Enquirer: 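The structure is given below, and queries will be raised subsequently.
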Amino acid sequence: MGATINSDPGPQFCKEGELSVVRKGFSQPLVVIDIEFAVTDEEHEQGLMYRKKMDPLQGMFFIFEREKEQSFWMHNTFIPLDILYIKADSTILGMAENTEPFSARPIPSNGNAKYVLEVNAGFCSDYQIGPGDRINWKKTE
């Protein structure tokens, strides 16, 4: 018998909403992606850990109770990510691009954020997303 190949892709994406990014001063979105929500403490802690892949136009959207300094890490995260820190008024505060998988190094928001968006590494560069750009999001029915 041949060797068994472990093809477990890890947790699967579950579309729960959509998010658009709009360049500062414009009204048309640069890009629209499907999002999965992380709202509870357990969902915040789990994040994208153990996920082996994510499509280019998918992301995880973290919602926190209040705007405050946020810090993420890449513990047990297989996918290099871009992490966007977003203020309560939906403007992008800043980003950490191309984060290192499996790293325990803290990745701080460097300011108060209420939302965090995790997407595949290269997303911010591909769409030229930067601080001051805005997001709009909605849950799907």
Side-chain angles (χ1 to χ4, degrees), residues 1-26 28-141:
M1 253 186 158
T4 302
I5 298 174
N6 182 359
S7 61
D8 175 18
Q12 297 298 298
F13 181 82
C14 177
K15 179 180 177 175
E16 298 174 311
E18 293 180 350
L19 181 143
S20 60
V21 180
V22 179
R23 182 159 333 280
K24 183 179 181 178
F26 289 84
Q28 294 300 312
L30 290 167
V31 62
V32 178
I33 65 169
D34 294 335
I35 52 174
E36 190 170 349
F37 289 94
V39 180
T40 68
D41 289 342
E42 294 80 19
E43 291 168 336
H44 291 163
E45 187 176 322
Q46 176 71 32
L48 290 173
M49 289 195 312
Y50 308 109
R51 190 88 42 118
K52 303 273 176 77
K53 69 177 186 118
M54 190 167 58
D55 289 344
L57 294 178
Q58 293 178 337
M60 182 165 280
F61 188 59
F62 296 77
I63 301 174
F64 295 93
E65 272 189 43
R66 60 187 177 85
E67 188 175 54
K68 66 177 188 169
E69 181 74 28
Q70 305 292 342
S71 186
F72 276 54
W73 63 344
M74 296 292 290
H75 183 69
N76 292 324
T77 305
F78 289 75
I79 309 167
L81 299 172
D82 285 356
I83 301 174
L84 291 80
Y85 294 104
I86 303 158
K87 298 190 289 186
D89 69 359
S90 297
T91 60
I92 297 172
L93 169 68
M95 302 93 71
E97 297 182 67
N98 200 27
T99 58
E100 179 185 352
F102 299 104
S103 173
R105 180 181 60 83
I107 306 167
S109 58
N110 298 316
N112 292 333
K114 180 171 173 63
Y115 309 107
V116 175
L117 176 65
E118 291 183 337
V119 289
N120 286 306
F123 181 83
C124 292
S125 176
D126 289 349
Y127 294 99
Q128 299 178 357
I129 295 168
D133 292 342
R134 299 182 60 78
I135 63 151
N136 295 307
W137 60 273
K138 66 179 179 181
K139 289 187 176 186
T140 52
E141 303 301 321

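Just so you know, these numbers come straight off a predicted model, no measurement behind them.
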Enquirer: Assess the residue pair Leu93 and Ser109 against the criterion (side chain to side chain contact (heavy atoms under 4.5 Å, CB included)); give the C-alpha distance rounded to whole Å, side-chain angles, the decisive distance to 0.1 Å, and a yes or no.
Expert: CA-CA 8 Å; Leu93 169 68; Ser109 58; 4.3 Å; yes

Enquirer: Quick one: do Phe72 and Val116 satisfy side chain to side chain contact (heavy atoms under 4.5 Å, CB included)? Show the steps, please.
Expert: CA-CA 9 Å; Phe72 276 54; Val116 175; 3.7 Å; yes

Enquirer: Tell me, do Glu69 and Pro108 make a side-chain contact under 4.5 Å, heavy atoms counted?
Expert: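 Yes; the side chains approach each other to less than 4.5 Å.
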
Enquirer: Taking the side chain from Arg105 and the backbone from Glu100, do they hold a donor-acceptor pair closer than 3.5 Å?
Expert: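 No: the side chain of Arg105 does not pair with the backbone of Glu100.
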
Enquirer: To the nearest 0.5 Å, what is the distance between CG on Leu48 and OG1 on Thr77?
Expert: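 Here the rounded value is 7.0 Å.
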
Enquirer: What is the minimum heavy-atom distance between Gly94 and Pro131, and which atoms define it?
Expert: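 In terms of heavy atoms, the two residues are closest at CA-CG, 4.3 Å.
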
Enquirer: Measure the spacing between CG of Asp55 and CG of Leu57 and express it to the nearest 0.5 Å.
Expert: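 Answer for the CG-CG pair, Asp55 versus Leu57, is 8.0 Å.
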
Enquirer: So, do Trp137 and Ile63 sit near enough that their side-chain heavy atoms are less than 4.5 Å apart?
Expert: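 Side-chain contact under 4.5 Å: yes.
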
Enquirer: May I ask you to check whether over 12 heavy atoms, not counting those of Phe26, lie within 6.0 Å of atom CZ?
Expert: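 At most 12 heavy atoms, drawn from other residues, nucleotides or ligands, come within 6.0 Å of this atom.
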
Enquirer: Please step through ring pair (Phe, Tyr, Trp, His ring centres under 6.0 Å) for the pair Phe37 and Phe62, ending with a clear verdict.
Expert: CA-CA 6 Å; Phe37 289 94; Phe62 296 77; over 10 Å; no

Enquirer: Rounded to the nearest 0.5 Å, what separates atom NE2 in His44 from atom OG1 in Thr40?
Expert: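 Answer for the NE2-OG1 pair, His44 versus Thr40, is 6.5 Å.
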
Enquirer: When you compare the side chain of Ile107 with that of Thr99, does any pair of heavy atoms fall below 4.5 Å?
Expert: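 A side-chain contact exists here, since the closest heavy-atom pair is under 4.5 Å.
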
Enquirer: Any side-chain heavy-atom pair from Asn110 and Tyr85 closer than 4.5 angstrom?
Expert: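 Answer no - side chains too far apart.
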
Enquirer: How many angstroms lie between CE in Met60 and CZ in Phe13, if you round to the nearest 0.5 Å?
Expert: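 So the CE of Met60 and the CZ of Phe13 are separated by 8.0 Å.
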
Enquirer: Does any non-hydrogen side-chain atom of Leu81 lie less than 4.5 Å from one of Met54?
Expert: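 The answer is yes, as the side chains (C-beta and beyond) meet within the 4.5 Å cut-off.
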
Enquirer: Might you point out which heavy atoms bring Pro80 and Pro101 nearest each other, and give the distance in Å?
Expert: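 What the structure gives for the nearest pair is N-CG, 3.7 Å.
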
Enquirer: Report the C-alpha separation of Glu16 and Lys139 in whole Å, then their side-chain angles, then the decisive distance to 0.1 Å, and conclude whether the side chain to side chain contact (heavy atoms under 4.5 Å, CB included) test is met.
Expert: CA-CA 6 Å; Glu16 298 174 311; Lys139 289 187 176 186; over 6 Å; no

Enquirer: Assess the residue pair Phe64 and Tyr115 against the criterion (ring pair (Phe, Tyr, Trp, His ring centres under 6.0 Å)); give the C-alpha distance rounded to whole Å, side-chain angles, the decisive distance to 0.1 Å, and a yes or no.
Expert: CA-CA 6 Å; Phe64 295 93; Tyr115 309 107; 8.7 Å; no

Enquirer: Donor-acceptor pair, Gln70 side chain versus Ala113 backbone, under 3.5 Å?
Expert: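 Pair found, side chain donor or acceptor close to backbone of Ala113.
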
Enquirer: How long is the gap from CE on Met49 to CZ on Phe78, to the nearest 0.5 Å?
Expert: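 These two atoms lie 10.5 Å from each other.
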
Enquirer: Does a side-chain N-to-carboxylate-O contact under 4.0 Å join Lys15 and Glu18?
Expert: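 Yes, charged N to carboxylate O under 4.0 Å.
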
Enquirer: Do the side chain of Gln46 and the main chain of Glu42 share a donor and acceptor less than 3.5 angstrom apart?
Expert: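 Not at all, since once roles are kept as given, no pair shorter than 3.5 Å links the two residues.
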
Enquirer: Just how far is it from atom CD1 of Ile35 to atom SG of Cys14, taken to the nearest 0.5 Å?
Expert: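 Result: 11.5 Å between the selected atoms.
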
Enquirer: May I ask you to test the Ile33-Val119 pair for a side-chain heavy-atom distance under 4.5 Å?
Expert: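 The answer is yes; the side chains approach within 4.5 Å.
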
Enquirer: Looking only at atom types and distance, does a side-chain atom of Asp82 sit under 3.5 Å from a main-chain N or O of Cys124, one as donor and one as acceptor?
Expert: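 Yes; judged by distance alone, with no hydrogens or angles, the pair exists.
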
Enquirer: Between Glu36 and Arg51, is the closest basic N to carboxylate O distance under 4.0 Å?
Expert: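 Yes.
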
Enquirer: Could you tell me whether a side-chain N or O of Arg23 sits under 3.5 Å from a main-chain N or O of Gln128, the two making a donor and an acceptor?
Expert: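 Pair found, side chain donor or acceptor close to backbone of Gln128.
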
Enquirer: Between Asp133 (side chain only) and Ile92 (backbone N and O only), is there a donor and an acceptor less than 3.5 Å apart?
Expert: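 No.
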
Enquirer: Do Ile135 and Val22 come close enough that some side-chain heavy atom pair is under 4.5 Å?
Expert: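 No; the side chains remain at least 4.5 Å from each other.
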
Enquirer: Do the non-hydrogen side-chain atoms of Thr91 and Ile86 ever get within less than 4.5 Å of each other?
Expert: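 They are not in contact (no side-chain heavy atoms under 4.5 Å apart), so the answer is no.
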
